[in-house]
Amino acid sequence: MKKIFLLPVLALQILSACGQGNNPQQPVSDTADHDTAWYAARMDSFDAEESRLEAEYRTIAASPAAPNHDAKIKEIYAKADSLGEKQKATILEIVRKFKSTKFPARYLSGNVAYAFNYDELKEICDPKSGYYNDEALKMAKHLLTSLEKRHPGLQYKDLTMSDMDGKSVRLSNWVGKGKYVLVDFWASWCGPCRQEMPNVVEAYRKYKSKNFEIVGVSFDERKGAWTAAVKQLGMTWPQMSDLRGWQSAAASVYGINSIPANVLLDPKGKIVAVDLRGDALQTTLAGLLK
């Protein structure tokens with residue numbers, strides 16, 4: 001599978017899947033060889049559809065002044081997202097059906113792991129599977145180890161850093177005080193963080209008066225760049241940083257190895273969701289903060 005660029009706001013690999021007209025027929029035979037051949041053909045068809053969407057995106061993006069440009073781009077984004085969910089479901093089906101073999105490993109390499117949540121990664125990284133020791137699972141195992149520190153159900157862990165005025169502050173200044181708190185890990189130099197920030201700003205505008213707070217945790221190293229970005233991006237919520245970049249205490253405490261990242265905490269400080277972006281952030285908050 002190739003790396004997709006269709007939805008850059010995700011800053012991760014996006015999985016695509018074949019359209020209705022491109023699905024190979026389910027094999028009549030129940031033999032393992034026939035089954036793996038069918039799934040291999042299906043996965044190949046995902047790549048073909050991905051290439052078609054990429055070509056369509058490039059054509060439309062090259063003519064920004066064309067009629068209905070934004071609507072067409074949005075339509076491609078929606079197709080990529082929908083097809084990605086179908087491919088994710090197919091990969092999980094392969095994992096479950098062929099767990100005792102090495103076959104699933106070919107579809108689990110690299111950034112594909114980011115498509116799966118904590119429980120799905122636990123299932124994928126089953127030490128009893130036939131593919132567990134395959135090199136292709138390196139990223140999935142690494143991500144699972146990170147999520148062990150911040151998956152839903154865990155209680156938050158406190159952080160002590162400085163705010164933009166140099167005052168020492170703690171995460172507990174805001175967490176566990178009766179509000180839902182989104183702890184947002186970002187940096188001024190992070191392009192995907194900047195792309196996602198208007199969505200976070202909109203969420204804060206809509207829900208800050210409804211038992212909701214955001215605390216930004218910056219992975220910056222230069223204070224000037226950090227504070228300038230906060231102002232430029234319209235981030236009006238509390239901020240904290242130890243200005244240590246990837247050596248930030250937040251990286252080890254919450255298992256952060258890529259940004260943007262976040263944890264959503266309930267009024268008592270328990271993690272209820274992680275890495276909410278785009279529509280997922282808005283939909284989750286809408287359900288919790290009615």
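All heavy atoms count here, side chains included; hydrogens, waters and symmetry mates do not. Just so you know, residue 1 is the first one in the sequence shown, and it goes up from there.
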S172 side, atom OG; K157 side, atom NZ - distance, nearest 0.5 Å: 15.0 Å
Contact list for residues 149-219, test disulfide (SG to SG under 2.5 Å), sequence neighbours left out: C190-C193
Might you point out which heavy atoms bring A261 and S258 nearest each other, and give the distance in Å? CB-O, 3.6 Å
Measure the acute angle between the ring planes of F98 and Y39, then classify it against the limits of 30° and 60° as parallel, tilted or perpendicular. perpendicular
Min side-chain heavy-atom separation Q87-M43 under 4.5 Å: yes
Roughly how far, to the nearest 0.5 Å, is the CD atom of E75 from the CG atom of N68? 10.0 Å
Checking D158 side chain against R170 main chain: does a donor-acceptor pair fall under 3.5 Å? no
What is the minimum heavy-atom distance between V175 and G269, and which atoms define it? CG1-CA, 3.7 Å
For atom NZ of K268, decide whether the heavy atoms of other residues, nucleotides or ligands shown that lie under 6.0 angstrom number more than 12. no
Could you report the tightest heavy-atom contact between L144 and C125, atom names first, then the distance? CD2-CB, 3.8 Å
So does K99 have more than 12 non-hydrogen atoms from other groups sitting under 6.0 Å from NZ? yes
Between L281 and E196, the two heavy atoms sitting closest are CD2-OE2, 4.5 Å
Could you walk me through whether R205 and E202 pass the salt bridge (charged side-chain N to carboxylate O under 4.0 Å, His left out) test, one step at a time? CA-CA 5 Å; R205 184 192 67 79; E202 175 63 13; 2.6 Å; yes
Criterion side chain to side chain donor-acceptor pair (under 3.5 Å) on N199 and Q282, from CA distance to verdict: CA-CA 8 Å; N199 185 51; Q282 301 293 339; 2.9 Å; yes
Output the distance between atom CG (D163) and atom CD (Q239), rounded to the nearest 0.5 Å. 10.0 Å
Check the pair K102 / D134 against salt bridge (charged side-chain N to carboxylate O under 4.0 Å, His left out), numbers first and verdict last. CA-CA 8 Å; K102 294 185 177 181; D134 196 290; over 6 Å; no
Does D275 come within less than 4.0 Å of R150, counting only side-chain N to carboxylate O? yes
Could you tell me whether K206 atom NZ has more than 12 heavy atoms of other residues or ligands within 6.0 Å of it? yes
Enclosure of K141 NZ (heavy-atom neighbours >12, cutoff 6.0 Å): yes
Linked, directly or transitively: V200 and L288 (ILVMFWY side chains, under 4.5 Å): yes
So do the side chains of D242 and S162 get within less than 4.5 Å of each other, counting heavy atoms only? no
P192 versus P260, closest heavy-atom pair with distance: CB-CD, 3.7 Å
In Å, rounded to the nearest 0.5 Å, how long is the span from CD1 of I94 to CZ of R42? 9.0 Å
Heavy-atom side-chain contact between Y180 and P267 under 4.5 Å: yes
Keeping T227 on the side-chain end and G224 on the backbone end, is there a donor-acceptor pair under 3.5 Å? yes
Just wondering, do L154 and V263 contact through their side chains at under 4.5 Å, heavy atoms? no
Verdict with reasoning, Y254 to L159, per side-chain contact (heavy atoms from CB on, under 4.5 Å): CA-CA 10 Å; Y254 283 96; L159 293 171; 3.9 Å; yes
Taking NZ, NE, NH1 and NH2 as the nitrogens, is one of them in K177 or E213 under 4.0 Å from a carboxylate oxygen of the other? no
Is there a continuous path of hydrophobic side-chain contacts, each under 4.5 Å between heavy atoms, that joins I259 to I214? no
Co-membership, hydrophobic cluster, residues Y118 and L276, 4.5 Å side-chain: no
Got a sec: does the CZ of R244 have more than 12 other heavy atoms crowding it under 6.0 Å? yes
When rounded to the nearest 0.5 angstrom, what is the spacing between CH2 in W186 and CH2 in W226? 8.5 Å
Can I124 and L108 be said to form a side-chain contact (heavy atoms from CB on, under 4.5 Å), step by step? CA-CA 9 Å; I124 288 169; L108 295 170; 3.8 Å; yes
Kindly work out whether a path of hydrophobic side-chain contacts (I/L/V/M/F/W/Y, heavy atoms less than 4.5 Å apart) joins M161 to L265. yes
Nearest-0.5 Å distance that lies between atom NE2 in H142 and atom CG in L147: 10.0 Å
Donor-acceptor under 3.5 Å (S129 side chain, D126 main chain): yes
Quick one: are M240 and L171 in side-chain contact, heavy atoms under 4.5 Å? yes
Could you walk me through whether E221 and W246 pass side chain to side chain donor-acceptor pair (under 3.5 Å), step by step? CA-CA 9 Å; E221 294 182 349; W246 285 113; over 6 Å; no
Could you walk me through whether H151 and E148 pass the side-chain contact (heavy atoms from CB on, under 4.5 Å) test, one step at a time? CA-CA 6 Å; H151 63 79; E148 291 284 4; 4.3 Å; yes
For the backbone of A78 and the side chain of S82, can you confirm whether one donor and one acceptor N or O come within less than 3.5 Å of each other? no
Please assess V183 against N262 for the test side-chain contact (heavy atoms from CB on, under 4.5 Å), listing each intermediate value before the final yes or no. CA-CA 5 Å; V183 184; N262 57 52; 6.0 Å; no
Should E56 and I76 count as side-chain neighbours, where that means a heavy-atom distance under 4.5 Å? yes
Taking side-chain hydrogen bond (donor to acceptor under 3.5 Å, both in side chains) as the criterion, tell me which of E49, E50, E54 meets it with R52. E49
Donor-acceptor pair, S109 side chain versus A136 backbone, under 3.5 Å? no
Is there a donor-acceptor contact under 3.5 Å from the side chain of K210 to the main chain of K290? no
W237: which of Y207, Y204, F212 passes ring pair (Phe, Tyr, Trp, His ring centres under 6.0 Å): Y204
Any heavy-atom pair between the side chains of I256 and F219 that's under 4.5 Å? yes
Looking only at heavy atoms, the pair that brings S188 and R194 closest together is O-NE, 2.8 Å
Would I73 and L83 show up in the same hydrophobic cluster when neighbours are defined by side-chain heavy atoms closer than 4.5 Å? yes
Taking C-beta and beyond as the side chain, do F103 and K97 meet within less than 4.5 Å on heavy atoms? no
